Amino acid sequence: MRAIGKAPGKYFRKGMTLAQLFRTFPDDEAAERWFIESRWPNGVYCPKCGSDNIQECPTRKPQPYRCRSCRKHFSVKTDSLMHNSPLGYQTWLVAIYLITTGIKGVSSMKLHRDLGITQRSAWYLAHRIRENFQDQQIDTFAGPVESDEGYFGGLEKNKHASKKKRLGRGTAGKAAVVAIKDQATNQISAAVVERVDAPTLQGFVTEHVTEDATVYTDENRAYKGLPNHETVNHSVSEYVSGQAHTNGLESFWSLLKRGYHGTHHHMSPKHLSRYVNEFAGRYNNRPKDTINQMRSIVRGMDGKRLKYDELVG
């Protein structure tokens, strides 16, 4: 049921409890039907050639469908991020639900315990779901926008001697993430960056805003020279100056940092961009009902592949 009146958070959304999830999708057959309807809302078509001249195989062997045009057999998993996965449809659906509703992320250990699969399978499953989030970020904002950076990684003093970079204090040795948020739409884009110099940060901002968009940042000199630019000086405890502030991004940084320290405890630099895409994509999908958030993930899986050897190589 939808909440009415005043309520916290996204009260207008229609959520789904775990009990409702299992009543709606009690087995693999029900889950498979939902995947088919979500991936192909206008009817099944061949993922190989695009033809809708499809024959259903009564025995479902070797696959449930056969294309009469290219004669290929396929299922709803074919040529998607579920391609060749031995996991059942209900397992995939529950994993998508947990990652969708877990606003601070879900660790592979929790998925391993909740789904009854190995931790390695859970880790691979989660990264395949994360792969679709790279398309959930918005390309261009009309503004006004906020831009800010966050830093992720362990403290140098806590690292093993062989892993210390000895680059100094503060943010030294940490990975940098830059984010931008449109104040009008509350949508964000975020990316891992190698440097936080002027060409990098200004290039990120100009890539994501229209020419006349107003840009709000902190006092970081790397942003100096941007058009339509206003700042707040955090170093002297100034957090709002007229309309200028970066407070809107703090909720995103809060979720990402709680996910880093409280859920995953560590995100390797190699895969950090995948986690950033996940948190940004989930943040942008918040206004949707839970089932529609899940559908957007399934549609984002279409036509993508992520092989295990590519992920760990």
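Along the sequence shown, the residues carry numbers beginning at 1. Everything quoted here is computed from the prediction, not taken from an experiment.
Applying the side chain to side chain donor-acceptor pair (under 3.5 Å) criterion to Lys110, with sequence neighbours excluded, gives Asp114. Take Tyr223 and apply the ring-ring contact (aromatic ring centres under 6.0 Å, His included) test, not counting sequence neighbours, and it matches no residue. In this view, Thr263 and Lys104, Ser107 satisfy the side chain to side chain contact (heavy atoms under 4.5 Å, CB included) rule, not counting sequence neighbours.
A cation-pi geometry, defined here as NZ or CZ lying under 6.0 Å from the six-membered ring centre and within 45° of its normal, holds between Lys77 and Tyr89. The cationic group of Arg282 lies under 6.0 Å from the six-membered ring centre of Phe279 and within 45° of the ring axis, placing it in a cation-pi geometry.
With hydrogens and angles left out, the side-chain atoms of Asp27 and Gln90 include no donor and acceptor closer than 3.5 Å. Side-chain contact annotation: Ser254 with Ser251, donor-acceptor N/O pair under 3.5 Å absent. Between Arg295 and Asn292, the side chains place a donor N or O and an acceptor N or O closer than 3.5 Å (distance only, hydrogens not considered).
In this structure, OG in Ser38 is found 11.0 Å from CD1 in Ile297, a value given to the nearest 0.5 Å. Once rounded to the nearest 0.5 Å, the distance linking OH of Tyr45 with SG of Cys67 reads 12.5 Å. With rounding to the nearest 0.5 Å, the separation of CD in Gln202 from CG in Asp197 is 9.5 Å. Separating the CG atom in Leu125 from the CZ atom in Arg120 is a distance of 13.5 Å, to the nearest 0.5 Å. Rounding to the nearest 0.5 Å gives a distance of 12.5 Å between OG of Ser51 and CZ of Arg71. Distance check: Phe152 CZ to Lys174 NZ gives 9.0 Å after rounding to the nearest 0.5 Å.
Looking only at side-chain heavy atoms (C-beta outward), Ser296 and Asn285 come within less than 4.5 Å of each other. Looking at heavy atoms from C-beta onward, Cys57 lies out of side-chain contact with Pro64 at the 4.5 angstrom threshold. Within the 4.5 Å cutoff, side-chain heavy atoms of His83 are placed close to those of Thr78. Side chains of Asn220 and Glu149 form a contact here, defined as non-hydrogen atoms less than 4.5 Å apart. Two residues are said to be in side-chain contact when any heavy atoms from C-beta on lie closer than 4.5 Å; Ile129 and Met301 meet this criterion. You'll find the side chain of Val178 stays beyond 4.5 Å of the side chain of Asp148, heavy atoms only. Counting heavy atoms from C-beta on, the side chains of Phe35 and Met82 come closer than 4.5 Å. At a threshold of 4.5 Å between non-hydrogen side-chain atoms, the residues Ile54 and Val44 count as touching.
Clustering ILVMFWY residues whenever any of their side-chain heavy atoms sit less than 4.5 angstrom apart, transitively, puts Leu256 in the very cluster that holds Ile103.
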For residues 269-276, run the donor-acceptor check on the side chains, cut-off 3.5 Å, and write out each pair with its distance to 0.1 Å, sequence neighbours left out.
from   : atom 1 : to     : atom 2 : distance (Å)
Lys270 : NZ     : Leu311 : O      : 3.4
Lys270 : NZ     : Val312 : O      : 3.0
Lys270 : NZ     : Gly313 : O      : 2.7
Arg274 : NH1    : Glu131 : OE1    : 2.4

Give the table of side-chain donor-acceptor pairs shorter than 3.5 Å for residues 92-100, with sequence neighbours excluded, one pair per line with atom names and distance.
from   : atom 1 : to    : atom 2 : distance (Å)
Trp92  : NE1    : Ser85 : OG     : 2.9
Tyr97  : OH     : Met16 : O      : 2.5
Thr100 : OG1    : Ile96 : O      : 2.7

- Task: Would you check, one step at a time, whether the test side chain to side chain contact (heavy atoms under 4.5 Å, CB included) holds for Thr217 with His229?
- Result: CA-CA 8 Å; Thr217 72; His229 179 216; 2.7 Å; yes

- With side chain to side chain contact (heavy atoms under 4.5 Å, CB included) as the test, would you mind laying out the steps for Gln187 and Tyr283 before giving the verdict? CA-CA 8 Å; Gln187 298 287 287; Tyr283 190 96; over 6 Å; no

- Query: Under the salt bridge (Lys or Arg N to Asp or Glu O under 4.0 Å) criterion, do Glu32 and Arg60 qualify, and how do the steps go?
  - Reply: CA-CA 13 Å; Glu32 182 184 12; Arg60 299 179 63 82; 2.6 Å; yes

- Check step by step if side chain to side chain contact (heavy atoms under 4.5 Å, CB included) holds for Asn186 and Phe252. CA-CA 11 Å; Asn186 287 325; Phe252 174 68; over 6 Å; no

- Step by step, would you call Leu21 with Thr17 a side chain to side chain contact (heavy atoms under 4.5 Å, CB included)? CA-CA 6 Å; Leu21 181 75; Thr17 66; over 6 Å; no

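Between the side chain of Asn132 and the backbone N or O of Gly300, no donor-acceptor pair lies under 3.5 Å. One N or O on the side chain of Glu146 and one on the backbone of Gly248 form a donor-acceptor pair closer than 3.5 Å. Checked by atom type and distance alone, the side chain of Glu56 never pairs as donor or acceptor with a backbone atom of Tyr65 at under 3.5 Å. Put simply, the side chain of Asn284 gets close to the backbone of Ile188: a donor and an acceptor are under 3.5 Å apart. Arg39 places no side-chain N or O within donor-acceptor distance of the main-chain N or O of Arg299, the cut-off being under 3.5 Å. Remark: the backbone N or O of Ile291 is not paired with any side-chain donor or acceptor of Asp289 at under 3.5 angstrom. For the pair Thr24 (side chain) and Gln20 (backbone), a donor-acceptor distance under 3.5 Å is present.
In terms of heavy atoms, Phe141 sits closest to Ala213 at O-CB, 4.2 Å. Nearest heavy atoms, Leu111 versus Ala126: CD1-CB, 3.8 Å. In this structure, Ser80 and Val76 approach most closely via the heavy-atom pair OG-O, 3.9 Å. Considering all non-hydrogen atoms of both residues, Ala190 and Val177 come closest at CB-CG1, 4.3 Å. Residues Asn277 and Phe133 approach most closely at O-CB, 3.3 Å, considering heavy atoms. When all heavy atoms of Leu249 and Ile180 are compared, the pair lying nearest together is CD2-C, 4.3 Å.
Using the six-membered ring where Trp is involved, Phe204 and His208 have ring planes that are tilted, between 30° and 60° apart.
Evaluated for a side chain to side chain donor-acceptor pair (under 3.5 Å) with Ser108, the options Gln119, His264, Arg113 yield exactly one hit, Gln119.
A salt bridge is absent between Lys181 and Glu250: the closest approach of a Lys/Arg side-chain nitrogen to an acidic carboxylate oxygen does not fall below 4.0 angstrom. Classification of Arg33 and Glu29 as a salt-bridged pair holds, one side-chain N sitting under 4.0 Å from a carboxylate O.
Counting non-hydrogen atoms of neighbouring residues, nucleotides and ligands closer than 6.0 angstrom, the NZ atom of Lys72 reaches no more than 12 such neighbours.
The side chain to side chain donor-acceptor pair (under 3.5 Å) contacts involving residues 303-313 comprise Asp135-Lys304, where partners must be two or more places apart or lie in separate chains.
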